[in-house]
Amino acid sequence: MYPRPIAPNAKAHRALYMGLVIAILLAWLAPLCAIILTSMRAPKDIATGNLWGWPTEFGLVDNYVGVFTQTPMARFFLNSLMITIPSVLGVLILSTLAGFVLSKFKFRGSMLLFAVFVGGNFLPAQIMMIPVRDLMVRLGLYDTTYALIIFHIAFQTGFATLFMRNFIAALPNELFEAARAEGASPAQILIHVVLPLVRPALAALAILVFTFIWNDYFWAVVLTISDSVKPVTAGLANLRGQYVSAWNTISAATIIVAVPPVVMFFLMQRHFIAGLTMGAVKG
Amino acid sequence: MKHTHSFASTRRTFLKTVGGGAAAVALGGLSMPALAQDKSLTIIFNGNNENQVAALRKTIADFEAATGSTVTLNLMDHEAHKTAIRNYLVAGAPDVCFWFSGNRMKAFVDRGLFDDISDLVAEQNYAEVLGGTLGATMVGDKVYGLPLAGTLWGNFYLKNVFEEKGLVAPTTWEETLAYGEAAKSAGMAPLAFGSKELWPCAGFFDELNLRINGLENHIALMDGQMSYLDPMLQPVFDHWEELINADFFLENHTSYGWQEAGALLSQRKAGMMNLGNFVKYAVPEADIPHLTFIPFPKIADIPRFEDFSTDSIHIPSNAKNKALAREFLAMFYEPENLHAFLAPAGNVPPRNDMPPSDDPLVNAAVESLKTVAGTAQYYDRDTDPDMAQAGLNGFQEFMVHPDRREQILTRLDETRKRIFGVS
Amino acid sequence: MPNFWRQHRGWIAPTLFIMPAVVLFGVVIVASSVQSLWISLHDWDGMSPMHWVGLGNYQELFRDPQFFTSLKNNCIWLVVFMLAPPLGLGIALLVNQQIRGMRLVKSLFFIPLVLASVAVGVVFTWVYTPGFGLLALVFSAFGATAPALLSDENLVTFAVVFAALWPQVAFCMVLYLAGLNSLSDDLIGAGQVDGARGLNMLFHVVLPQLTQVTFIAIAITAIGALRSFDMVSVMTQGGPFGSSSVLAYQMYEQSIFSYRFGYGAAIASVLFAIMLVFIVWYLSRIMRADDRGA
């Protein structure tokens, strides 16, 4: 292990070290603390410019209740889940399949295909606005959650395929040769060899992709207009539009919007590190 | 369009007419289910005021009750809506939407994206109650929307703060300079200014140009007929530079949005603000009664011209249910409904038969408009959107680096030539 | 036809596997991108018919001072953003200890990574606000006045990049933590026997084992720097007067606010050409790694 572990019996040393780490952590999270404190403030503090001190008056309940009563935030929340979850599942399935093929089958143009996935993922997404919008109109999906789901799956598949390909490429070849020698079909190899081994990678990928899609705002503006399909980030912006200076309400909404990715992260933390360890790291 | 109802100007007959229509549809619905779909309407509102939204919801509820229709109201963030409208007008339009009159509307009219509602205007005889205001939503002799509230540009200050600090709101250029010195010695920025969103710079340019060169020349510039290098514009920038050098504008104004800058008025850190009536959103409730309007100071000896920008409501060409949308517009535009919708924002109502406002700021604007010789909309509504974007950036740069005037104006003129195709 | 299947499943199955991803990615992303390239050869407002101008947009681009400002800012982003991998490594080393409570501390360090960039942008705008921002408070504690970072055309880009570093450092830290977890204890032990310790150990024993992580961290950071859009849009909208704009934002501004989709597409094409350098570098690394592995 590096750096050298501090000996378990050096109690004072350990406590001191932990103190130092926590001090750095507090500085690191100062901006976040500002959002949390602001989400508890009464409007008066905001008007007088007290953004960093302890609130002089608390409006915690008002602010958080306000988020849900002033906008259809609950509806947006549900929409976000209905967009994000299928998208993440779709990305995981497509990228596992594509990553498996690109890493373990030799065929002409495989590198070019991989290059296209990587390259497409590097594009600034804004430039695809008009063509993607027109495509969704032609498909009759404009202003539906499907438009967002399809776009997110397609766009994130670039990054995810890159990730999964590297991960599967790092799995020992002997496993695959042994399976082939036993007469296993590609589908059987996929199900019995690849899937059990890529689980940690899928967990890590799921968190990243969930975060990316959950936090998307741009495409929500481009592809949806109805409140009945808009995700939570667009709701956050509506709040910004209606109560421009109500930073306390906006902060509360920001915290609420951040909750699902944070929860997801804490739940899957162990897998996340494990997945990255084997995937991204040993590419 | 299958048939048009004859719209009545009083609410009761209107309800009766529409109610009859609804019954007919309900009966026909048994054999022709497709007609049932005709009773749904989608509206997009880019509003930023909860009382306005409430008023709109009430009108919608009344409309639903009267017509048996289902109305979906979608709210959109003001800034995001600017992106969204370019998409939805083409891709999947609502039946009714809100936008800005003038050149911003014309941009969509030219591309065939807003419906011609001259028929509705003729039926309802809106020309009579709107007078000149209707011009804001016309292109050629056709009407493409109904004008909503107008915003009269000018200077705003808090009377109590001015009394407390012994300041006098200026009406001439000399007084302006004297006021600047007085405000500074009182420890305040003479003018609260937030240019982060760029457009407040253009408002200030408009004021100066209208005061110095008058409306006709201003419009020539907006239409791309006058060069940004024209010597006529030099005095505009001379005056502006004089104020910049006198530290008239809030320090670091590019870091502030207009709301943050506006908050400085009641914090007594700044004296005046150059904006429309909506400045009141940046002022705490308690101070609003003290908020006072005064026109931008006189400079050249010419009649008074002002920026008076009008928002508007439209039916997109791709709307699915234009007949019902017209019915909605007619109801929405009835004096009481319109009043309920416009009053919270505190702007000048378009119809001359509306209930008198109890908002002193509105009445001040109405009063002030009586002595105005002519109005422009606003820089970014009067000129081409592409030109406006370049202009806004150029004006902001000038306010920070007045020494770059030559360079900025040369660049703007190149942009003008490219856009308007002149040399 | 079980026989046919047996003979050909070697290629049919993989083709079927990869098809969904290829079709979806091809139809949505690749086709749209190619269409954008096509648009860049036209004068187009996004609504009316397109008007062919050939390379006109590109010619104009190279005369546009704003383009060079954006390009310069993208370079600043690229350089300053490269602080993220070393800073991420630093924090990863700091928290890579097995002390009670350290797991929670690690998770808390990750949080900026999952915040929406809109939230990050808003909170750093508060940090920089003249007068009562956190920065102003810190400066005034020392009796100094903080510069209005977002108003200073020379500093504004640095201020925005600095804010964007926050989640990016967290990302790199996660990667390095994963890397540190998979270090070979044998090699570390061997290093200790050879008398390597502290920084010496870091540079000669640990980092060589982390090349792959470093490579990925740099690649992701470079792309993040070139693609930067959200933070600029939230914090400055490219201002003051375009001095903090980057190519992605300028493209958006030209397309949306100036109705110049052709010109915006041309900017995007140039941006993509720059990214191509990184893509090629990245792919060649992967291919070499594959060759070594084979």
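Just so it is clear: chains get the letters A, B, ... in the order the sequence lines come, proteins before strands, and each one is counted from 1. Keep in mind that this is a model prediction, so the values were computed, not measured.
Heavy atoms closer than 4.5 Å to chain C are found in both the backbone and the side chain of A:L32. Using a 4.5 Å cut-off between heavy atoms, C:V22 touches chain A through backbone and side chain atoms alike. Heavy atoms of C:L108 lying under 4.5 Å from chain A belong to its backbone as well as its side chain. Both the backbone and the side chain of A:I6 come within less than 4.5 Å of a heavy atom in chain C. Residue C:L226 does not touch chain A at all, counting heavy-atom pairs closer than 4.5 Å. Heavy-atom distances place both the backbone and the side chain of C:L202 under 4.5 Å from chain A. Both the backbone and the side chain of C:V27 come within contact range of chain A, judged by heavy atoms closer than 4.5 Å. Proximity to chain A involves both the backbone and the side chain of C:I279, based on heavy atoms less than 4.5 angstrom apart. At a 4.5 Å heavy-atom cutoff, the contact between C:L180 and chain A is made by side-chain atoms alone.
Between the OH atom in A:Y217 and the CG atom in C:D230 there is a gap of 11.0 Å [rounded to 0.5 Å]. Here CD1 of C:I216 is found 6.5 Å from CG of A:N166. Values are rounded to the nearest 0.5 Å. Note that CD1 of C:I18 is 10.5 Å distant from CZ of A:F114, once rounded to the nearest 0.5 Å. C:F110 contributes atom CZ, which lies 9.0 Å from atom CD1 of A:I207 (distance to the nearest 0.5 angstrom). Atom CZ of C:F25 and atom CG of A:L94 lie 11.5 Å apart (nearest 0.5 Å).
Judged purely by atom type and a 3.5 angstrom limit, C:Q98 has no side-chain atom pairing as donor or acceptor with the backbone of A:P5. C:W166 contributes a side-chain N or O that, together with a main-chain N or O of A:W28, makes up a donor-acceptor pair within less than 3.5 Å.
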Please list, one pair per line, the donor and acceptor atoms closer than 3.5 Å that link side chains of residues 267-275 of chain C to other protein atoms, with sequence neighbours excluded.
residue	atom	partner	partner atom	Å
C:S269	OG	C:Y58	OH	3.1
C:S269	OG	C:A265	O	2.8

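Between chain A and the residues C:A163, C:P20, C:S117, C:A217, the largest count of heavy-atom pairs under 4.5 Å involves C:P20. Contacts with chain A were tallied for C:I188, C:L115, C:L183; C:L115 has the most, counting heavy-atom pairs under 4.5 Å. With chain A as the partner, the residue from C:L134, C:L283, C:V206 showing the most heavy-atom pairs under 4.5 Å is C:L134. Comparing C:F229, C:F124, C:Y282, C:F215 by heavy-atom pairs within less than 4.5 Å of chain A, the highest count is held by C:F229. Comparing C:M201, C:M102, C:M19 by heavy-atom pairs within less than 4.5 Å of chain A, the highest count is held by C:M102.
A perpendicular orientation is assigned to the rings of A:F218 and C:Y252, their planes being inclined by more than 60° (bins at 30° and 60°). Note: A:F100 and C:F17 have tilted aromatic rings, judged against thresholds of 30 and 60 degrees for the angle between ring planes.
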**Study point:** Steps toward side-chain contact (heavy atoms from CB on, under 4.5 Å) verdict (C:F171, A:L208)
**Key:** CA-CA 10 Å; C:F171 201 167; A:L208 285 178; 4.2 Å; yes

Exercise for review: Apply side-chain contact (heavy atoms from CB on, under 4.5 Å) to the pair C:L24 and A:F155, showing each step before the final yes or no.
Suggested key: CA-CA 9 Å; C:L24 196 61; A:F155 191 65; over 6 Å; no

Practice item. For A:M128 and C:V28, run side-chain contact (heavy atoms from CB on, under 4.5 Å): C-alpha distance rounded to whole Å, both residues' side-chain angles, the deciding distance at 0.1 Å, then the answer. Key: CA-CA 9 Å; A:M128 289 177 256; C:V28 180; over 6 Å; no

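The stretch residues 100-110 of chain C participates, sequence neighbours left out, in these side chain to side chain donor-acceptor pair (under 3.5 Å) pairs: A:Q269-C:S107.
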